[in-house]
S.K.: 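Let me begin by handing over the structure; questions about it come next.
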Number of protein chains: 4
Amino acid sequence: MATVATRTAAQEERRRQILDAAVRAFAKKGYHACRVSDIAEEAGVAYGLVYHYFESKDAVLEAVFREMWGAMVGAINAIESLDDSPRQQLRKSCAIVLRTWRDYPDVVRVLVREVARSGEQLQREVEEIAHAFEALQRIVERGQREKVFRQDLPPRLAAWIVYGALEEILTGWVLGRLPGEDQDIKDAERTVVGILCDGLIDD
Amino acid sequence: MATVATRTAAQEERRRQILDAAVRAFAKKGYHACRVSDIAEEAGVAYGLVYHYFESKDAVLEAVFREMWGAMVGAINAIESLDDSPRQQLRKSCAIVLRTWRDYPDVVRVLVREVARSGEQLQREVEEIAHAFEALQRIVERGQREKVFRQDLPPRLAAWIVYGALEEILTGWVLGRLPGEDQDIKDAERTVVGILCDGLIDD
Amino acid sequence: MATVATRTAAQEERRRQILDAAVRAFAKKGYHACRVSDIAEEAGVAYGLVYHYFESKDAVLEAVFREMWGAMVGAINAIESLDDSPRQQLRKSCAIVLRTWRDYPDVVRVLVREVARSGEQLQREVEEIAHAFEALQRIVERGQREKVFRQDLPPRLAAWIVYGALEEILTGWVLGRLPGEDQDIKDAERTVVGILCDGLIDD
Amino acid sequence: MATVATRTAAQEERRRQILDAAVRAFAKKGYHACRVSDIAEEAGVAYGLVYHYFESKDAVLEAVFREMWGAMVGAINAIESLDDSPRQQLRKSCAIVLRTWRDYPDVVRVLVREVARSGEQLQREVEEIAHAFEALQRIVERGQREKVFRQDLPPRLAAWIVYGALEEILTGWVLGRLPGEDQDIKDAERTVVGILCDGLIDD
DNA sequence: AATGAATGAGTTTTCATTCAT
DNA sequence: TATGAATGAAAACTCATTCAT
């Protein structure tokens with residue numbers, strides 16, 4: 001049993017090694033320009049081993065999505081259980097998303113670049129993305145129940161708008177069109193929460 | 001000269017025929033999955049002809065971006081010259097973007113799906129996208145100058161947030177995750193302007 | 001119209017050029033050991049051109065079967081319309097099959113070697129083989145109707161036996177286990193017709 | 001020594017287990033489409049183990065031929081020592097071949113499908129096939145010596161014809177083109193012996 | 001201008017075989 | 001003996017692009 005556990009752990013480690021390498025490789029050249037051999041080389045393993053741990057090149061990308069994104073969604077979900085005000089919850093959610101850029105820029109790079117790819121197949125499979133929206137939506141709904149947020153906004157649409165604002169900022173950073181240093185990240189957090197909560201209008 | 005003009009017009013028509021077909025083809029299968037012969041077939045011409053009018057498959061996509069997007073940006077720019085309040089200008093800009101979906105769903109589909117692709121090459125070449133951001137940014141700046149918008153928000157970042165909110169809604173429609181009927185489009189317009197101008201907070 | 005005809009003829013010629021090369025290539029190394037590049041090289045054309053004229057490597061083999069075999073079946077069918085005795089018809093049919101070896105050894109080599117391959121798919125698609133059996137079967141049936149052949153033999157089974165005897169001789173020649181010179185071919189013809197018509201028993 | 005003997009017996013059992021599994025696997029998918037892991041899975045062992053008992057995938061097929069075929073040839077050889085008439089010997093030989101289908105359809109399936117494959121290498125190694133022909137040839141020769149069979153037929157060619165007739169019937173059964181129920185097997189036996197001994201001609 | 005035959009580099013994937021444990 | 005992770009060569013197939021007509 002110890003042997004089995006060790007073996008499984010070793011396998012898991014290998015899998016992770018390849019997955020991390022894939023993130024770096026995809027981030028460098030983009031998914032389509034990236035050959036399976038690039039992943040293997042980046043991971044320091046033989047070509048065929050990638051196929052031991054993943055069905056196909058596509059499956060690798062899907063795993064990147066599922067597992068990397070999953071961590072972020074988990075963090076956002078955790079926020080719900082905290083006894084914060086809706087505004088605080090929204091702020092913390094935005095912070096998590098935006099700071100992921102600081103902590104895992106390659107992961108964000110890949111997620112941002114490839115998330116819209118082959119809309120039909122990949123997106124439907126990766127429910128994690130949907131979970132992120134649902135968590136945001138629940139925060140909005142709670143804010144409306146507690147009369148903190150305006151009643152006239154469809155929560156689902158509001159969640160999409162919040163998510164869109166965040167993703168666009170990440171995109172700006174990924175593409176180097178927006179400055180993304182540590183201070184900028186804090187500014188972005190303040191600005192996006194400011195706009196989303198209080199609006200652009202000065203009143 | 002009349003002859004030349006006629007020829008040029010005929011050429012322009014052919015070019016347009018191929019470009020429109022490309023939009024439909026890209027919208028159906030995505031840029032990468034779409035072969036040059038698919039474009040030609042959709043246009044009803046031999047596929048060698050695509051190379052008479054465009055340098056490469058990439059150049060076709062770039063033209064789609066430049067020309068289709070250009071129309072939208074032009075419309076947004078036109079708004080600036082109108083004597084509306086900043087809020088009205090923002091509302092109209094959002095309306096233009098969102099209604100483009102109703103009028104040219106295939107174009108939007110392609111723009112949304114492929115805009116993040118090959119960040120290095122394509123994006124830099126297509127400055128039209130940048131122009132859209134600048135137009136939004138100028139609207140925000142004007143709002144701040146006129147003391148209608150809050151002073152503490154970086155205009156550039158605000159423009160990105162506005163754009164991100166809009167793009168995400170379009171994505172939701174494209175992927176069928178958000179309802180996109182005529183009434184939904186109007187609702188989305190009201191909601192996105194509401195959030196961006198007045199915030200989520202009920203005060 | 002002349003242009004179209006010429007073009008089609010040119011295409012047909014190219015197709016034939018590749019098909020003939022495939023026969024030579026398959027005959028040399030066997031279907032499985034033969035790469036598509038071997039076919040292209042043998043034909044003196046570029047790699048990809050094979051895929052212009054054939055769906056896949058498998059489709060090439062199928063075409064070899066269908067077209068090469070078709071010629072032989074056509075010849076056997078022609079015999080039926082002649083006013084020969086059943087024995088004569090049988091003799092001529094055997095002669096056609098056996099002499100194909102002399103005239104197109106490579107074709108026979110391929111047919112013999114690969115005919116049993118992937119029984120499910122290929123065989124069922126290539127009806128030409130079935131036609132050969134039917135022609136032989138009709139000859140047997142006519143022989144029985146005319147009271148020349150024995151009544152107690154199921155014609156279908158008899159046709160298979162005749163065909164099996166012929167194929168085995170071809171196999172012996174292909175594999176170099178039976179001598180296959182011109183004189184041997186004549187002997188084989190006489191022997192196989194002798195056994196099939198009059199039996200081994202000396203009476 | 002007892003230990004060694006036991007070990008060897010256990011080894012032999014394992015070897016047999018893998019070989020039987022290989023027959024089933026080859027019969028199902030054909031030799032080429034069958035991976036080593038398919039054999040191992042069918043045998044219920046790890047696929048590295050196949051390489052403990054066999055040099056290579058090819059060696060497994062060769063062993064199938066040698067050992068399975070060997071049993072059949074042995075049975076045919078045994079017939080020679082019986083004090084039967086040549087016709088009886090021929091009938092019994094045919095019966096053995098045809099009834100093997102009933103008893104070991106998977107074995108026959110593999111032998112029939114793959115026997116013509118890679119003529120150069122495999123065939124030369126598997127002399128068992130040659131032995132079957134020789135046994136048939138000796139039966140014919142004896143029949144000629146005893147003035148029961150016609151003198152004008154080359155015995156070697158006659159043996160090939162007999163074998164071809166039998167193989168074709170097996171092929172028909174394997175491919176499902178000829179009915180292969182118990183009664184059909186008996187009919188086939190009667191028919192093939194009838195044709196080969198007495199001919200198609202009714203006299 | 002228009003056609004589509006021809007090219008061939010590039011990429012994924014498969015799988016027999018080896019080898020460390 | 002038994003396992004299955006690791007290797008990497010091999011090959012089919014795709015498709016953007018060129019070019020002769």
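Chain letters run A, B, ... following the sequence lines, proteins first and then strands; every chain starts at 1.
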S.K.: Answer yes or no: is there an ion pair linking B:Arg24 with B:Asp20, defined by an N-O contact shorter than 4.0 Å?
M.R.: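 B:Asp20 and B:Arg24: not salt-bridged.
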
S.K.: Could you tell me the separation between the CZ atom of A:Arg14 and the P atom of F:dG4, rounded to a whole number of Å?
M.R.: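 After rounding, the reported distance stands at 17 Å.
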
S.K.: Ignoring hydrogens and angles, are the base of F:dA6 and the side chain of A:His52 linked by a donor-acceptor pair under 3.5 Å?
M.R.: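 It does, because a donor-acceptor pair links the side chain of A:His52 to the base of F:dA6 below 3.5 Å.
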
S.K.: Base, sugar-phosphate, or nothing for D:Ser37, non-hydrogen atoms under 4.0 angstrom?
M.R.: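 Here D:Ser37 touches no strand at all.
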
S.K.: Evaluate the criterion side-chain contact (heavy atoms from CB on, under 4.5 Å) for residue pair A:Arg109 and A:Tyr104; output intermediate values, then yes/no.
M.R.: CA-CA 9 Å; A:Arg109 231 184 283 271; A:Tyr104 309 99; over 6 Å; no

S.K.: Figure out the CD1/C1' separation between C:Ile39 and E:dT7, and round it to whole Å.
M.R.: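 Atom CD1 in C:Ile39 sits about 17 Å away from atom C1' in E:dT7.
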
S.K.: C:Tyr51 OH to E:dG8 C1': how many Å, rounded?
M.R.: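 Interatomic distance, OH of C:Tyr51 to C1' of E:dG8: 13 Å.
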
S.K.: On DNA chain E, does the nearest nucleotide to B:Tyr53 precede the nearest nucleotide to A:Ala33 from the 5' side, or the other way round? Give the residue.
M.R.: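 On the 5' side of the pair lies B:Tyr53.
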
S.K.: If we ignore angles and hydrogens, is there a donor and acceptor under 3.5 Å between the side chains of D:Gln17 and D:Arg14?
M.R.: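 D:Arg14 and D:Gln17 do have a side-chain donor-acceptor pair below 3.5 Å.
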
S.K.: Of D:Gly48 and A:Gly44, whose nearest nucleotide on DNA chain F comes first from the 5' end?
M.R.: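 Looking at the nearest nucleotide for each, D:Gly48 comes out on the 5' side.
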
S.K.: Under a 3.5 Å limit for both distances, which nucleotide forms a Watson-Crick or G-U wobble pair with E:dC19, could you say?
M.R.: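 Paired with E:dC19, as far as the under-3.5 Å criterion goes, is F:dG4.
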
S.K.: Whole angstroms only, please: what is the CZ-C1' distance between C:Arg35 and F:dC13?
M.R.: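 Checked: the CZ to C1' distance equals 15 Å.
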
S.K.: If each of A:Val36 and B:Ala46 is mapped to the nucleotide of DNA chain E with the nearest heavy atom, which maps nearer the 5' terminus, i.e. the 5' end?
M.R.: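 Nearest-nucleotide comparison on DNA chain E picks B:Ala46.
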
S.K.: Would you mind reading off the distance between C:Asp58 atom CG and F:dC13 atom P, rounded to a whole angstrom?
M.R.: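 For the pair C:Asp58 CG and F:dC13 P, the rounded distance is 8 Å.
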
S.K.: Take the protein atom CD of C:Glu13 and the nucleotide atom P of E:dA6, then report the distance between them rounded to whole Å.
M.R.: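 One finds 11 Å between P of E:dA6 and CD of C:Glu13, rounded.
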
S.K.: In this structure, how many angstroms lie between the P atom of F:dA12 and the NZ atom of C:Lys57, rounded?
M.R.: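 For the pair C:Lys57 NZ and F:dA12 P, the rounded distance is 5 Å.
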
S.K.: Please state whether the rings of D:Phe26 and D:Tyr31 are parallel, tilted or perpendicular, taking 30° and 60° as the class boundaries.
M.R.: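 Correct class here is perpendicular.
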
S.K.: Is there side-chain contact between C:Lys57 and C:Arg35, with heavy atoms separated by less than 4.5 Å?
M.R.: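 Side chain of C:Lys57 against side chain of C:Arg35, heavy atoms only: no contact under 4.5 Å found.
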
S.K.: Can you tell me the base-pairing partner of E:dA1? Count Watson-Crick or G-U wobble geometry only, both distances below 3.5 Å, and say none if there is no partner.
M.R.: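 Base-paired to nothing in any strand shown.
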
S.K.: Rounded to whole Å, please give me the gap between OH in A:Tyr47 and P in E:dT13.
M.R.: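 One finds 8 Å between P of E:dT13 and OH of A:Tyr47, rounded.
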
